[in-house]
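The structure's right below; bear with me while I get my questions together.
Note on naming: letters A, B, ... go to the chains in the order of the sequence lines (proteins, then strands), and numbering restarts at 1 for each one. Everything numeric here is computed off the predicted structure, so don't read it as measured data.
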2 protein chains.
Amino acid sequence: MSSKKNPTRDRILKTTWELLEDGGASAVRMSDIAKAAKISRQALYLHFPNRAELLVATTRYLDEVYDIEGKLAASRAAPTGRARLHEWVVVWGNYIPKIYGIAKALMALQASDAEAADAWSDRMQAVREGCAAAVAALAGDGVLTSQMTEKEATDALWTLLSVPAWEQLCVTCGWTQDRYIALMQQMAVHMLVDDQAP
Amino acid sequence: MSSKKNPTRDRILKTTWELLEDGGASAVRMSDIAKAAKISRQALYLHFPNRAELLVATTRYLDEVYDIEGKLAASRAAPTGRARLHEWVVVWGNYIPKIYGIAKALMALQASDAEAADAWSDRMQAVREGCAAAVAALAGDGVLTSQMTEKEATDALWTLLSVPAWEQLCVTCGWTQDRYIALMQQMAVHMLVDDQAP
DNA sequence: TGTCAACTTTACACGGTGTAAAGGCAGAAA
DNA sequence: TTTCTGCCTTTACACCGTGTAAAGTTGACA
(Lines give C-alpha, C1' and ligand atoms only; values in the text may rest on other atoms or scores of the structure.)
Protein backbone atom coordinates (compact mmCIF):
# COMPACT_ATOMS: atom_id res chain seq x y z
CA MET A 1 0.00 0.00 0.00
CA SER A 2 1.92 2.91 1.32
CA SER A 3 5.39 1.42 1.22
CA LYS A 4 5.87 1.48 -2.53
CA LYS A 5 5.62 4.29 -5.05
CA ASN A 6 6.87 7.36 -3.23
CA PRO A 7 9.63 6.47 -0.82
CA THR A 8 10.28 10.05 0.29
CA ARG A 9 6.71 10.60 1.32
CA ASP A 10 6.80 7.41 3.32
CA ARG A 11 10.06 8.36 4.94
CA ILE A 12 8.52 11.68 5.98
CA LEU A 13 5.52 9.95 7.52
CA LYS A 14 7.68 7.45 9.35
CA THR A 15 9.97 10.21 10.63
CA THR A 16 7.04 12.34 11.75
CA TRP A 17 5.67 9.42 13.68
CA GLU A 18 9.04 8.68 15.29
CA LEU A 19 9.47 12.28 16.38
CA LEU A 20 6.01 12.44 17.87
CA GLU A 21 6.03 8.92 19.25
CA ASP A 22 6.59 9.56 22.91
CA GLY A 23 4.44 12.67 23.04
CA GLY A 24 6.78 14.28 25.52
CA ALA A 25 8.65 16.50 23.11
CA SER A 26 5.74 18.77 22.42
CA ALA A 27 7.41 21.14 20.00
CA VAL A 28 7.93 19.25 16.77
CA ARG A 29 8.33 21.86 14.08
CA MET A 30 8.30 21.39 10.34
CA SER A 31 12.04 22.06 10.36
CA ASP A 32 12.58 19.30 12.92
CA ILE A 33 10.78 16.79 10.75
CA ALA A 34 12.68 17.94 7.67
CA LYS A 35 16.02 17.59 9.41
CA ALA A 36 15.19 14.14 10.77
CA ALA A 37 13.96 12.99 7.36
CA LYS A 38 17.15 14.35 5.77
CA ILE A 39 15.31 16.63 3.48
CA SER A 40 14.98 20.39 3.13
CA ARG A 41 12.10 22.07 4.91
CA GLN A 42 10.74 23.19 1.57
CA ALA A 43 10.65 19.65 0.20
CA LEU A 44 8.17 18.90 2.99
CA TYR A 45 5.79 21.38 1.39
CA LEU A 46 6.15 19.57 -1.93
CA HIS A 47 4.57 16.52 -0.30
CA PHE A 48 2.14 18.05 2.17
CA PRO A 49 0.49 21.43 1.83
CA ASN A 50 0.75 22.23 5.54
CA ARG A 51 1.43 20.86 8.98
CA ALA A 52 -2.13 19.80 9.62
CA GLU A 53 -2.32 17.58 6.57
CA LEU A 54 1.04 16.06 7.36
CA LEU A 55 -0.20 15.10 10.82
CA VAL A 56 -3.46 13.71 9.51
CA ALA A 57 -1.62 11.70 6.86
CA THR A 58 0.57 10.32 9.63
CA THR A 59 -2.44 9.02 11.53
CA ARG A 60 -3.67 7.28 8.39
CA TYR A 61 -0.23 5.81 7.93
CA LEU A 62 -0.38 4.41 11.47
CA ASP A 63 -3.81 2.93 10.89
CA GLU A 64 -2.29 1.03 8.00
CA VAL A 65 0.85 -0.04 9.81
CA TYR A 66 -1.08 -1.37 12.79
CA ASP A 67 -3.89 -2.81 10.69
CA ILE A 68 -6.47 -1.27 12.96
CA GLU A 69 -9.26 -2.24 10.57
CA GLY A 70 -8.32 -5.92 10.76
CA LYS A 71 -8.26 -5.91 14.52
CA LEU A 72 -11.58 -4.16 14.66
CA ALA A 73 -13.15 -6.73 12.36
CA ALA A 74 -11.96 -9.49 14.66
CA SER A 75 -13.62 -7.88 17.67
CA ARG A 76 -16.95 -7.89 15.87
CA ALA A 77 -17.06 -11.68 16.15
CA ALA A 78 -17.53 -11.62 19.93
CA PRO A 79 -20.51 -13.78 20.96
CA THR A 80 -22.10 -11.52 23.59
CA GLY A 81 -22.46 -7.77 23.95
CA ARG A 82 -20.35 -7.81 27.05
CA ALA A 83 -17.57 -9.74 25.32
CA ARG A 84 -17.73 -7.35 22.44
CA LEU A 85 -17.41 -4.38 24.78
CA HIS A 86 -14.39 -5.99 26.44
CA GLU A 87 -12.76 -6.64 23.09
CA TRP A 88 -13.44 -3.10 21.94
CA VAL A 89 -11.78 -1.70 25.02
CA VAL A 90 -8.75 -3.90 24.35
CA VAL A 91 -8.43 -3.01 20.68
CA TRP A 92 -8.94 0.73 20.92
CA GLY A 93 -7.42 1.13 24.39
CA ASN A 94 -4.20 -0.49 23.25
CA TYR A 95 -4.10 1.60 20.09
CA ILE A 96 -4.24 4.89 21.97
CA PRO A 97 -0.65 4.89 23.24
CA LYS A 98 0.58 4.33 19.71
CA ILE A 99 -1.18 7.34 18.30
CA TYR A 100 -0.85 9.46 21.42
CA GLY A 101 1.97 11.64 20.13
CA ILE A 102 0.26 12.51 16.87
CA ALA A 103 -3.07 12.85 18.62
CA LYS A 104 -1.61 15.35 21.04
CA ALA A 105 -0.09 17.40 18.25
CA LEU A 106 -3.33 17.40 16.28
CA MET A 107 -5.41 18.28 19.30
CA ALA A 108 -3.09 21.20 20.04
CA LEU A 109 -3.53 22.38 16.47
CA GLN A 110 -7.32 22.17 16.75
CA ALA A 111 -7.53 25.46 18.59
CA SER A 112 -5.99 27.50 15.80
CA ASP A 113 -6.64 25.43 12.70
CA ALA A 114 -10.21 24.62 11.70
CA GLU A 115 -9.05 22.15 9.08
CA ALA A 116 -7.10 20.20 11.67
CA ALA A 117 -10.12 20.24 13.95
CA ASP A 118 -12.31 18.74 11.24
CA ALA A 119 -9.76 16.09 10.40
CA TRP A 120 -9.34 15.00 14.00
CA SER A 121 -13.05 15.05 14.58
CA ASP A 122 -13.50 12.77 11.58
CA ARG A 123 -11.07 10.25 12.96
CA MET A 124 -12.73 10.31 16.36
CA GLN A 125 -16.08 9.76 14.72
CA ALA A 126 -14.78 6.39 13.62
CA VAL A 127 -14.01 5.58 17.24
CA ARG A 128 -17.50 6.65 18.19
CA GLU A 129 -18.88 4.13 15.76
CA GLY A 130 -16.96 1.41 17.53
CA CYS A 131 -18.52 2.55 20.79
CA ALA A 132 -21.96 2.64 19.21
CA ALA A 133 -21.54 -0.92 17.96
CA ALA A 134 -20.59 -2.15 21.41
CA VAL A 135 -23.54 -0.35 22.99
CA ALA A 136 -25.89 -1.73 20.35
CA ALA A 137 -24.63 -5.24 21.11
CA LEU A 138 -25.37 -4.71 24.79
CA ALA A 139 -28.82 -3.42 23.94
CA GLY A 140 -29.36 -6.42 21.70
CA ASP A 141 -28.59 -8.70 24.64
CA GLY A 142 -31.07 -6.69 26.68
CA VAL A 143 -28.49 -5.78 29.32
CA LEU A 144 -28.06 -2.06 28.57
CA THR A 145 -28.95 0.13 31.53
CA SER A 146 -32.43 1.60 31.39
CA GLN A 147 -31.20 4.93 32.75
CA MET A 148 -29.67 6.17 29.51
CA THR A 149 -30.67 6.21 25.91
CA GLU A 150 -28.49 4.29 23.46
CA LYS A 151 -27.07 7.57 22.23
CA GLU A 152 -26.20 8.70 25.72
CA ALA A 153 -24.58 5.37 26.48
CA THR A 154 -22.52 5.68 23.31
CA ASP A 155 -21.50 9.24 24.19
CA ALA A 156 -20.51 8.16 27.69
CA LEU A 157 -18.43 5.21 26.52
CA TRP A 158 -16.82 7.35 23.84
CA THR A 159 -15.81 9.89 26.44
CA LEU A 160 -14.53 7.28 28.85
CA LEU A 161 -12.34 5.89 26.06
CA SER A 162 -11.15 9.26 24.77
CA VAL A 163 -7.52 10.14 24.28
CA PRO A 164 -7.53 12.89 26.96
CA ALA A 165 -8.94 10.38 29.46
CA TRP A 166 -6.20 7.91 28.60
CA GLU A 167 -3.65 10.68 28.91
CA GLN A 168 -4.86 11.73 32.32
CA LEU A 169 -4.88 8.18 33.68
CA CYS A 170 -1.77 6.70 32.06
CA VAL A 171 0.44 9.78 31.81
CA THR A 172 -0.63 12.10 34.61
CA CYS A 173 -1.73 9.46 37.11
CA GLY A 174 0.81 6.82 36.12
CA TRP A 175 -1.51 3.90 35.47
CA THR A 176 0.08 1.03 33.58
CA GLN A 177 -1.43 0.16 30.24
CA ASP A 178 -2.60 -3.23 31.54
CA ARG A 179 -4.28 -1.73 34.55
CA TYR A 180 -5.90 0.89 32.33
CA ILE A 181 -7.41 -1.80 30.12
CA ALA A 182 -8.59 -3.90 33.05
CA LEU A 183 -10.22 -1.00 34.89
CA MET A 184 -11.73 0.49 31.74
CA GLN A 185 -13.42 -2.82 31.04
CA GLN A 186 -14.80 -2.85 34.56
CA MET A 187 -15.88 0.76 34.57
CA ALA A 188 -17.49 0.51 31.16
CA VAL A 189 -19.56 -2.48 32.21
CA HIS A 190 -20.56 -0.90 35.52
CA MET A 191 -21.61 2.28 33.74
CA LEU A 192 -23.57 0.66 30.95
CA VAL A 193 -25.00 -2.57 32.35
CA ASP A 194 -27.67 -2.57 35.01
CA ASP A 195 -27.23 -5.78 37.01
CA GLN A 196 -23.79 -7.24 37.36
CA ALA A 197 -24.92 -10.87 37.51
CA PRO A 198 -23.00 -12.81 34.85
CA MET B 1 -10.94 41.59 47.56
CA SER B 2 -10.20 42.04 43.95
CA SER B 3 -12.68 44.76 43.17
CA LYS B 4 -10.90 47.60 44.95
CA LYS B 5 -7.36 48.88 44.66
CA ASN B 6 -6.51 48.50 40.98
CA PRO B 7 -9.54 49.03 38.79
CA THR B 8 -7.66 48.61 35.51
CA ARG B 9 -6.34 45.21 36.44
CA ASP B 10 -9.82 44.12 37.36
CA ARG B 11 -11.23 45.47 34.14
CA ILE B 12 -8.63 43.47 32.23
CA LEU B 13 -9.56 40.28 34.08
CA LYS B 14 -13.25 40.84 33.54
CA THR B 15 -12.71 41.58 29.85
CA THR B 16 -10.53 38.53 29.39
CA TRP B 17 -13.19 36.40 30.94
CA GLU B 18 -15.92 37.90 28.76
CA LEU B 19 -13.92 37.33 25.61
CA LEU B 20 -13.19 33.74 26.50
CA GLU B 21 -16.58 33.02 28.00
CA ASP B 22 -18.21 31.03 25.26
CA GLY B 23 -15.07 29.14 24.30
CA GLY B 24 -16.05 29.20 20.67
CA ALA B 25 -13.88 32.09 19.56
CA SER B 26 -10.64 30.23 19.97
CA ALA B 27 -8.24 32.95 18.93
CA VAL B 28 -8.22 35.55 21.68
CA ARG B 29 -5.02 37.49 21.28
CA MET B 30 -3.42 39.95 23.64
CA SER B 31 -4.41 42.72 21.25
CA ASP B 32 -8.05 41.56 21.32
CA ILE B 33 -8.10 41.77 25.09
CA ALA B 34 -6.41 45.17 25.05
CA LYS B 35 -8.89 46.55 22.57
CA ALA B 36 -11.88 45.21 24.48
CA ALA B 37 -10.52 46.60 27.75
CA LYS B 38 -9.92 49.97 26.07
CA ILE B 39 -6.26 49.97 26.83
CA SER B 40 -3.11 49.73 24.75
CA ARG B 41 -1.61 46.32 24.20
CA GLN B 42 1.48 47.44 26.04
CA ALA B 43 -0.46 48.43 29.10
CA LEU B 44 -1.47 44.79 29.39
CA TYR B 45 2.16 43.94 29.92
CA LEU B 46 2.36 46.49 32.71
CA HIS B 47 -0.17 44.37 34.64
CA PHE B 48 0.69 40.84 33.56
CA PRO B 49 4.10 39.63 32.41
CA ASN B 50 2.69 37.35 29.72
CA ARG B 51 -0.41 35.70 28.35
CA ALA B 52 -0.12 32.63 30.54
CA GLU B 53 -0.16 34.61 33.77
CA LEU B 54 -3.06 36.69 32.56
CA LEU B 55 -5.08 33.55 31.91
CA VAL B 56 -4.16 32.03 35.25
CA ALA B 57 -5.05 35.25 37.04
CA THR B 58 -8.40 35.16 35.27
CA THR B 59 -9.16 31.70 36.65
CA ARG B 60 -8.38 32.93 40.16
CA TYR B 61 -10.62 35.90 39.56
CA LEU B 62 -13.44 33.55 38.60
CA ASP B 63 -12.89 31.42 41.68
CA GLU B 64 -13.45 34.56 43.70
CA VAL B 65 -16.45 35.80 41.76
CA TYR B 66 -18.22 32.46 42.00
CA ASP B 67 -17.09 31.78 45.56
CA ILE B 68 -16.07 28.29 44.66
CA GLU B 69 -14.45 27.78 48.07
CA GLY B 70 -17.69 28.55 49.87
CA LYS B 71 -19.68 26.15 47.76
CA LEU B 72 -17.08 23.46 48.28
CA ALA B 73 -17.20 23.92 52.03
CA ALA B 74 -20.96 23.44 51.97
CA SER B 75 -20.64 20.15 50.12
CA ARG B 76 -18.39 18.82 52.85
CA ALA B 77 -21.34 18.79 55.23
CA ALA B 78 -23.11 15.95 53.39
CA PRO B 79 -24.09 13.15 55.77
CA THR B 80 -23.13 10.10 53.68
CA GLY B 81 -20.35 9.38 51.24
CA ARG B 82 -22.83 8.96 48.45
CA ALA B 83 -24.48 12.30 49.21
CA ARG B 84 -21.10 13.94 49.28
CA LEU B 85 -20.22 12.48 45.91
CA HIS B 86 -23.49 13.76 44.49
CA GLU B 87 -22.87 17.22 45.90
CA TRP B 88 -19.35 17.26 44.56
CA VAL B 89 -20.55 16.42 41.08
CA VAL B 90 -23.06 19.28 41.31
CA VAL B 91 -20.60 21.88 42.57
CA TRP B 92 -17.71 21.11 40.27
CA GLY B 93 -19.82 19.97 37.33
CA ASN B 94 -21.72 23.25 37.31
CA TYR B 95 -18.53 25.26 37.63
CA ILE B 96 -16.96 23.75 34.51
CA PRO B 97 -19.06 25.64 31.94
CA LYS B 98 -18.13 28.90 33.62
CA ILE B 99 -14.41 28.32 33.35
CA TYR B 100 -14.58 26.41 30.10
CA GLY B 101 -13.36 29.25 27.89
CA ILE B 102 -10.35 30.05 30.01
CA ALA B 103 -9.68 26.38 30.58
CA LYS B 104 -9.62 25.76 26.87
CA ALA B 105 -7.21 28.62 26.25
CA LEU B 106 -4.92 27.48 29.04
CA MET B 107 -4.98 23.89 27.89
CA ALA B 108 -4.07 24.99 24.38
CA LEU B 109 -1.16 26.95 25.80
CA GLN B 110 0.04 23.94 27.75
CA ALA B 111 1.69 22.39 24.71
CA SER B 112 4.06 25.28 24.11
CA ASP B 113 4.34 26.92 27.51
CA ALA B 114 5.67 24.93 30.44
CA GLU B 115 4.68 27.63 32.89
CA ALA B 116 1.09 27.51 31.72
CA ALA B 117 1.15 23.74 32.01
CA ASP B 118 2.27 23.94 35.64
CA ALA B 119 -0.31 26.55 36.48
CA TRP B 120 -3.16 24.57 34.99
CA SER B 121 -1.94 21.37 36.57
CA ASP B 122 -1.94 23.13 39.95
CA ARG B 123 -5.54 24.21 39.53
CA MET B 124 -6.59 20.72 38.50
CA GLN B 125 -4.82 19.30 41.49
CA ALA B 126 -7.30 21.17 43.63
CA VAL B 127 -10.11 19.43 41.77
CA ARG B 128 -8.42 16.10 42.37
CA GLU B 129 -8.51 16.80 46.07
CA GLY B 130 -12.24 17.25 45.87
CA CYS B 131 -12.47 13.88 44.15
CA ALA B 132 -10.20 12.31 46.76
CA ALA B 133 -12.41 13.64 49.55
CA ALA B 134 -15.53 12.15 47.97
CA VAL B 135 -13.82 8.81 47.46
CA ALA B 136 -12.55 8.84 51.04
CA ALA B 137 -16.08 9.49 52.25
CA LEU B 138 -17.32 6.49 50.28
CA ALA B 139 -14.53 4.37 51.71
CA GLY B 140 -15.41 5.60 55.20
CA ASP B 141 -18.96 4.37 54.65
CA GLY B 142 -17.54 1.05 53.51
CA VAL B 143 -19.24 1.23 50.13
CA LEU B 144 -16.23 1.84 47.88
CA THR B 145 -15.76 -0.89 45.30
CA SER B 146 -13.19 -3.52 46.22
CA GLN B 147 -11.90 -3.64 42.69
CA MET B 148 -9.87 -0.44 42.83
CA THR B 149 -7.55 1.15 45.32
CA GLU B 150 -8.60 4.49 46.76
CA LYS B 151 -6.05 6.20 44.56
CA GLU B 152 -7.34 4.51 41.45
CA ALA B 153 -10.91 5.42 42.35
CA THR B 154 -9.83 9.04 42.82
CA ASP B 155 -8.02 9.04 39.48
CA ALA B 156 -11.04 7.56 37.74
CA LEU B 157 -13.48 10.05 39.22
CA TRP B 158 -11.11 12.90 38.46
CA THR B 159 -10.94 11.82 34.85
CA LEU B 160 -14.69 11.36 34.56
CA LEU B 161 -15.13 14.91 35.85
CA SER B 162 -12.37 16.46 33.73
CA VAL B 163 -12.91 19.48 31.53
CA PRO B 164 -12.23 17.57 28.29
CA ALA B 165 -14.87 14.99 29.29
CA TRP B 166 -17.39 17.76 29.95
CA GLU B 167 -16.46 19.33 26.62
CA GLN B 168 -16.98 16.14 24.71
CA LEU B 169 -20.36 15.43 26.28
CA CYS B 170 -21.85 18.91 26.51
CA VAL B 171 -20.27 20.59 23.49
CA THR B 172 -19.54 17.82 21.00
CA CYS B 173 -22.41 15.50 21.92
CA GLY B 174 -24.89 18.22 22.86
CA TRP B 175 -25.84 17.06 26.34
CA THR B 176 -27.65 19.65 28.41
CA GLN B 177 -25.98 20.73 31.60
CA ASP B 178 -28.75 19.19 33.71
CA ARG B 179 -28.52 15.87 31.96
CA TYR B 180 -24.74 15.97 32.31
CA ILE B 181 -25.03 16.41 36.07
CA ALA B 182 -27.68 13.72 36.44
CA LEU B 183 -25.81 11.13 34.41
CA MET B 184 -22.45 11.96 35.94
CA GLN B 185 -23.89 11.31 39.37
CA GLN B 186 -25.20 7.97 38.19
CA MET B 187 -22.06 6.97 36.39
CA ALA B 188 -19.84 7.97 39.26
CA VAL B 189 -21.83 5.87 41.70
CA HIS B 190 -21.95 2.89 39.38
CA MET B 191 -18.22 3.10 38.83
CA LEU B 192 -17.19 3.51 42.44
CA VAL B 193 -19.79 1.71 44.52
CA ASP B 194 -20.15 -2.04 44.45
CA ASP B 195 -23.76 -2.84 45.24
CA GLN B 196 -26.42 -0.39 44.25
CA ALA B 197 -28.78 -1.14 47.15
CA PRO B 198 -29.61 2.13 48.91
C1' DT C 1 6.36 73.75 40.66
C1' DG C 2 7.86 69.36 40.63
C1' DT C 3 7.24 64.51 41.10
C1' DC C 4 5.20 60.14 40.49
C1' DA C 5 2.36 56.54 38.57
C1' DA C 6 -0.33 54.94 34.97
C1' DC C 7 -0.76 54.85 30.40
C1' DT C 8 0.29 55.74 25.20
C1' DT C 9 2.94 55.57 21.03
C1' DT C 10 6.22 53.82 18.14
C1' DA C 11 9.49 50.56 16.93
C1' DC C 12 11.66 46.31 16.90
C1' DA C 13 13.47 41.29 17.75
C1' DC C 14 12.19 36.57 17.59
C1' DG C 15 10.20 32.20 16.19
C1' DG C 16 7.30 29.46 13.41
C1' DT C 17 4.42 28.83 9.18
C1' DG C 18 3.81 29.14 4.54
C1' DT C 19 5.07 31.24 -0.32
C1' DA C 20 8.08 32.29 -4.26
C1' DA C 21 11.55 31.71 -7.47
C1' DA C 22 15.69 30.07 -9.45
C1' DG C 23 18.81 26.51 -9.97
C1' DG C 24 21.07 21.54 -9.50
C1' DC C 25 21.05 16.91 -10.83
C1' DA C 26 19.98 12.16 -12.26
C1' DG C 27 17.68 9.32 -15.35
C1' DA C 28 14.62 8.45 -19.28
C1' DA C 29 13.49 9.59 -23.96
C1' DA C 30 14.62 11.49 -28.39
C1' DT D 1 24.47 13.34 -26.90
C1' DT D 2 21.12 16.38 -25.94
C1' DT D 3 17.01 17.54 -23.90
C1' DC D 4 13.21 16.99 -21.07
C1' DT D 5 11.22 15.90 -16.62
C1' DG D 6 10.65 15.08 -11.80
C1' DC D 7 12.52 15.70 -7.43
C1' DC D 8 15.00 18.21 -4.65
C1' DT D 9 17.98 22.38 -2.74
C1' DT D 10 18.97 27.12 -1.65
C1' DT D 11 17.87 31.55 -0.64
C1' DA D 12 14.75 35.00 0.40
C1' DC D 13 10.73 36.89 2.08
C1' DA D 14 5.77 37.95 3.94
C1' DC D 15 2.83 37.27 7.80
C1' DC D 16 1.36 36.78 12.58
C1' DG D 17 1.49 36.81 17.40
C1' DT D 18 4.38 37.38 21.57
C1' DG D 19 7.24 39.97 24.22
C1' DT D 20 10.87 44.00 24.88
C1' DA D 21 12.45 48.80 24.81
C1' DA D 22 12.26 53.53 25.24
C1' DA D 23 10.53 58.09 24.96
C1' DG D 24 6.46 60.93 25.55
C1' DT D 25 1.71 62.27 27.66
C1' DT D 26 -1.47 63.11 31.32
C1' DG D 27 -3.45 63.90 35.71
C1' DA D 28 -3.21 63.75 40.70
C1' DC D 29 -1.06 65.16 44.58
C1' DA D 30 2.27 67.80 47.63
Side-chain angles (χ1 to χ4, degrees), chain A residues 2-16 19-20 25-58 101-102 104-120, chain B residues 2-16 19-20 25-58 101-102 104-120:
Chain A
S2 79
S3 51
K4 275 277 149 53
K5 183 87 179 173
N6 211 335
T8 307
R9 191 190 141 98
D10 274 27
R11 201 173 70 245
I12 293 171
L13 292 173
K14 193 156 173 259
T15 305
T16 304
L19 285 182
L20 288 167
S26 49
V28 174
R29 294 165 290 260
M30 293 298 267
S31 52
D32 297 328
I33 296 168
K35 194 180 297 178
K38 294 182 180 175
I39 214 180
S40 73
R41 189 172 71 88
Q42 269 49 33
L44 233 51
Y45 287 96
L46 296 177
H47 292 273
F48 304 93
N50 51 52
R51 204 173 107 96
E53 294 218 10
L54 169 54
L55 292 178
V56 171
T58 306
I102 293 102
K104 204 175 172 185
L106 258 175
M107 283 163 55
L109 216 58
Q110 257 182 313
S112 59
D113 185 329
E115 188 203 344
D118 285 358
W120 179 245
Chain B
S2 79
S3 51
K4 276 277 148 56
K5 181 88 183 173
N6 210 335
T8 307
R9 188 189 142 98
D10 274 26
R11 203 174 67 247
I12 293 170
L13 292 174
K14 192 157 172 262
T15 305
T16 304
L19 285 183
L20 288 168
S26 49
V28 175
R29 293 167 289 262
M30 292 298 266
S31 52
D32 297 328
I33 297 168
K35 193 180 298 177
K38 294 181 180 173
I39 214 180
S40 72
R41 190 173 70 90
Q42 271 47 34
L44 234 49
Y45 287 98
L46 296 175
H47 291 273
F48 304 93
N50 51 52
R51 205 173 107 96
E53 294 218 8
L54 169 54
L55 292 178
V56 172
T58 306
I102 294 101
K104 204 175 171 185
L106 259 175
M107 283 163 55
L109 216 58
Q110 258 182 314
S112 58
D113 186 329
E115 190 203 342
D118 286 359
W120 180 246

**OP:** Take B/Met30 and B/Leu54 through the test side-chain contact (heavy atoms from CB on, under 4.5 Å) and record every step on the way to the result.
**Re:** CA-CA 10 Å; B/Met30 292 298 266; B/Leu54 169 54; 4.1 Å; yes
Subject >> Divergence of helical axes at both termini of the helix from C/dT1-D/dA30 to C/dA30-D/dT1 - five pairs an end, 10° steps >> reply: 20°
Subject >> Pairwise side-chain contact, A/Leu106 with A/Val56, heavy-atom cut-off 4.5 Å (strictly under) >> reply: yes
Subject >> B/Ala36: partners by side-chain contact (heavy atoms from CB on, under 4.5 Å), with sequence neighbours left out >> reply: B/Thr15, B/Leu19
Quiz: residues 40-50 of chain B side-chain donor-acceptor pairs under 3.5 angstrom, not counting sequence neighbours:
from	atom 1	to	atom 2	distance (Å)
B/Ser40	OG	B/Ala43	N	3.2
B/Asn50	OD1	B/Ala52	N	3.3
B/Asn50	OD1	B/Glu53	N	2.9

Original post:
Can you name the residues that form a salt bridge (charged side-chain N to carboxylate O under 4.0 Å, His left out) with A/Arg29, not counting sequence neighbours?
Top reply: A/Asp32
Original post:
Can you check the A/Asp113 CG to C/dG16 C1' distance for me, whole Å?
Top reply: 14 Å
Subject >> Interatomic distance where OH belongs to A/Tyr45 and C1' belongs to C/dA21 [whole Å] >> reply: 17 Å
Subject >> Base versus backbone protein contacts along nucleotides 8-17 of chain D [heavy-atom cut-off under 4.0 Å; B, S, -] >> reply: BBBBB----S
Original post:
What residue among B/Ile33, B/Ile102, B/Leu55 forms side chain to side chain contact (heavy atoms under 4.5 Å, CB included) with B/Val28?
Top reply: B/Ile33
**OP:** Mind listing the closest non-hydrogen atom pair of B/Ala57 and B/Arg9 along with its distance?
**Re:** CB-NH2, 4.2 Å
Original post:
In Å and rounded to the nearest 0.5 Å, what is the CD to CD distance from A/Gln110 to A/Glu115?
Top reply: 12.5 Å
Original post:
What is the distance, rounded to the nearest whole Å, between atom CZ of A/Phe48 and atom P of C/dT17?
Top reply: 15 Å
